**Q** 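I have a structure here, written as structure tokens, and I will follow up with some questions on it.
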Amino acid sequence: MYRGEAVLQRELNMAPMFSWPRLRDADPVLRCEMASTGEVACFGPNIYSAFLKAMLSTGFKLPQKGILIGIQHSFRPDFLSTAHQLKEEGFKLYATEATSAWLNANDVPTTPVAWPSLDGKDSELPSISRLLSEGHIDLVVNLPNNNTKFLKDNFLIRRMAVDYGVPLITNFQVIKLFVEAIKYSSELDTTSLFHYRQRDIGQQG
């Protein structure tokens with residue numbers, strides 16, 4: 001997600017598009033050398049409106065039911081306020097075991113889920129694949145790094161999100177801005193660049 005300068009006293013955001021569903025078994029996590037297959041630029045009266053419109057224009061769907069959270073330990077201090085915002089928005093929150101224990105201890109109620117490698121085994125926790133396939137989870141937040149023993153499990157979670165057509169966010173700055181912007185989702189406008197220009201000309205005249 002790229003933030004541009006204000007255009008005609010409006011904000012411009014560009015959202016990249018990637019072809020993860022076509023890249024079978026590829027890990028849908030962004031790295032510095034990756035190039036997008038396209039971009040969508042959207043304007044808005046503020047950064048939140050422009051950001052959400054750009055995201056929606058790429059096919060991203062706003063969550064309505066549940067959100068699965070999996071974050072590595074290094075992201076926790078910065079992520080806590082975002083987690084509280086999600087709770088205040090009324091979303092049902094699921095999380096991998098360690099993340100769930102940490103969030104619950106910090107007054108963010110979550111339901112723990114089983115790692116994919118334990119799916120079908122003796123775990124009493126809900127299966128991520130079942131929750132995704134039955135539509136209980138409609139957004140996956142997976143903030144990975146290489147300092148974890150669950151590299152394969154995190155890959156499987158990201159891949160399942162893509163294969164089930166569930167929106168996936170793997171960048172901390174993106175999920176932070178996304179959660180801040182959700183409260184403005186009912187105020188999105190459909191004003192085009194042409195109308196912004198006409199409005200600006202009218203104000204100058």
Side-chain angles (χ1 to χ4, degrees), residues 1 15 17-18 20-21 27-30 40 42 48-49 51-72 75-76 78-120 123-144 150 153-188:
M1 178 62 61
M17 299 178 67
F18 295 90
W20 297 123
D27 188 356
V29 64
L30 303 184
V40 178
C42 289
Y48 305 113
S49 175
F51 174 84
L52 282 181
K53 286 193 287 186
M55 293 282 281
L56 293 171
S57 296
T58 66
F60 191 95
K61 296 180 181 179
L62 297 179
Q64 303 295 324
K65 296 181 180 178
I67 299 175
L68 172 62
I69 301 171
I71 60 174
Q72 301 310 310
F75 290 106
R76 290 184 181 180
D78 295 325
F79 186 80
L80 188 56
S81 61
T82 299
H84 277 285
Q85 286 178 281
L86 288 172
K87 181 187 77 169
E88 291 167 4
E89 290 295 326
F91 291 110
K92 170 72 174 177
L93 301 179
Y94 301 87
T96 50
E97 285 191 74
T99 299
S100 178
W102 170 70
L103 288 172
N104 283 319
N106 284 277
D107 195 33
V108 180
T110 62
T111 299
V113 296
W115 287 108
S117 59
L118 298 178
D119 197 0
S123 176
E124 298 180 355
L125 300 177
S127 160
I128 294 175
S129 61
R130 181 178 62 81
L131 292 170
L132 288 169
S133 64
E134 295 179 358
H136 298 293
I137 292 173
D138 47 12
L139 173 63
V140 173
V141 178
N142 187 268
L143 305 181
F150 297 109
D153 278 300
N154 279 299
F155 159 71
L156 291 173
I157 290 173
R158 294 189 293 273
R159 192 63 234 179
M160 281 193 291
V162 171
D163 293 339
Y164 282 110
V166 174
L168 169 69
I169 295 178
T170 61
N171 179 278
F172 173 72
Q173 286 77 19
V174 172
I175 186 58
K176 185 175 186 297
L177 182 55
F178 176 75
V179 173
E180 292 172 353
I182 282 179
K183 65 183 67 175
Y184 298 93
S185 60
S186 62
E187 304 174 11
L188 295 183

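Predicted, not measured: the structure shown is a model, and the values here were computed from it. In what follows, residues are counted from 1 in the order of the sequence shown.
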**Q** For residues Thr82 and Val141, determine if any side-chain heavy atom of one lies less than 4.5 Å from a side-chain heavy atom of the other.
**A** no
**Q** Within a strict 4.5 Å, meaning less than it, do heavy atoms of the Val162 and Arg159 side chains meet?
**A** yes
**Q** How far apart are the closest heavy atoms of Ala83 and Leu93, and which atoms are they?
**A** O-CD1, 4.4 Å
**Q** Atom OG1 in Thr110, atom NZ in Lys92: separation rounded to 0.5 Å?
**A** 8.5 Å
**Q** Is there side-chain contact between Leu52 and Leu62, with heavy atoms separated by less than 4.5 Å?
**A** yes
**Q** Quick one: are Val166 and Leu68 in side-chain contact, heavy atoms under 4.5 Å?
**A** no
**Q** Which distance, rounded to the nearest 0.5 Å, do you find between the CD1 of Ile157 and the CG of Asn142?
**A** 5.5 Å
**Q** Just wondering, do Leu80 and Arg76 contact through their side chains at under 4.5 Å, heavy atoms?
**A** no
**Q** How many angstroms lie between atom NZ of Lys176 and atom CD of Glu180, to the nearest 0.5 angstrom?
**A** 4.0 Å
**Q** What distance do Leu118 atom CG and Glu97 atom CD have between them, rounded to the nearest 0.5 Å?
**A** 7.5 Å
**Q** Can you check side chain to side chain contact (heavy atoms under 4.5 Å, CB included) on Lys183 and Glu89, steps first, answer last?
**A** CA-CA 8 Å; Lys183 65 183 67 175; Glu89 290 295 326; 4.0 Å; yes
**Q** Determine whether Trp102 and Val108 make a side-chain contact, defined as any pair of heavy atoms from C-beta on separated by less than 4.5 Å.
**A** no
**Q** Determine, step by step, whether Tyr164 and Ile137 satisfy the side chain to side chain contact (heavy atoms under 4.5 Å, CB included) criterion, reporting the C-alpha distance in whole Å, the side-chain angles of both residues, the deciding distance to 0.1 Å, and the verdict.
**A** CA-CA 10 Å; Tyr164 282 110; Ile137 292 173; over 6 Å; no
**Q** Got a second to check how far Ile182's CD1 is from Leu139's CG, nearest 0.5 Å?
**A** 7.5 Å
**Q** Could you tell me which non-hydrogen atom of Pro144 sits nearest to which non-hydrogen atom of Phe75, and how far apart they are?
**A** O-CE1, 3.8 Å
**Q** Any side-chain heavy atom of Phe150 within less than 4.5 Å of one from Thr96?
**A** no
**Q** Look at the rings of Phe178 and Phe60 and say which category their plane angle falls in: under 30° parallel, 30 to 60° tilted, over 60° perpendicular.
**A** perpendicular
**Q** Please name the residue in the list Ile128, Asp153, Leu125 that meets the side chain to side chain contact (heavy atoms under 4.5 Å, CB included) test with Trp115.
**A** Asp153
**Q** Any donor-acceptor pair under 3.5 Å linking the side chain of His84 with the backbone of Asn106?
**A** yes
**Q** Please give me the minimum heavy-atom distance between Leu103 and Ala95, naming the atom from each residue.
**A** CD1-CB, 4.3 Å
**Q** Return the minimal non-hydrogen interatomic distance between Gln64 and Asp138, and the atom names on each side.
**A** N-OD2, 2.8 Å
**Q** For the residue pair Pro126 and Pro112, what are the closest heavy atoms and their distance?
**A** CD-O, 3.2 Å
**Q** Considering non-hydrogen atoms only, spot the tightest contact between Asp107 and Lys87 and give its length.
**A** O-NZ, 2.9 Å
**Q** With rounding to the nearest 0.5 angstrom, report the CD1 to CZ distance, Ile71 to Phe172.
**A** 8.5 Å
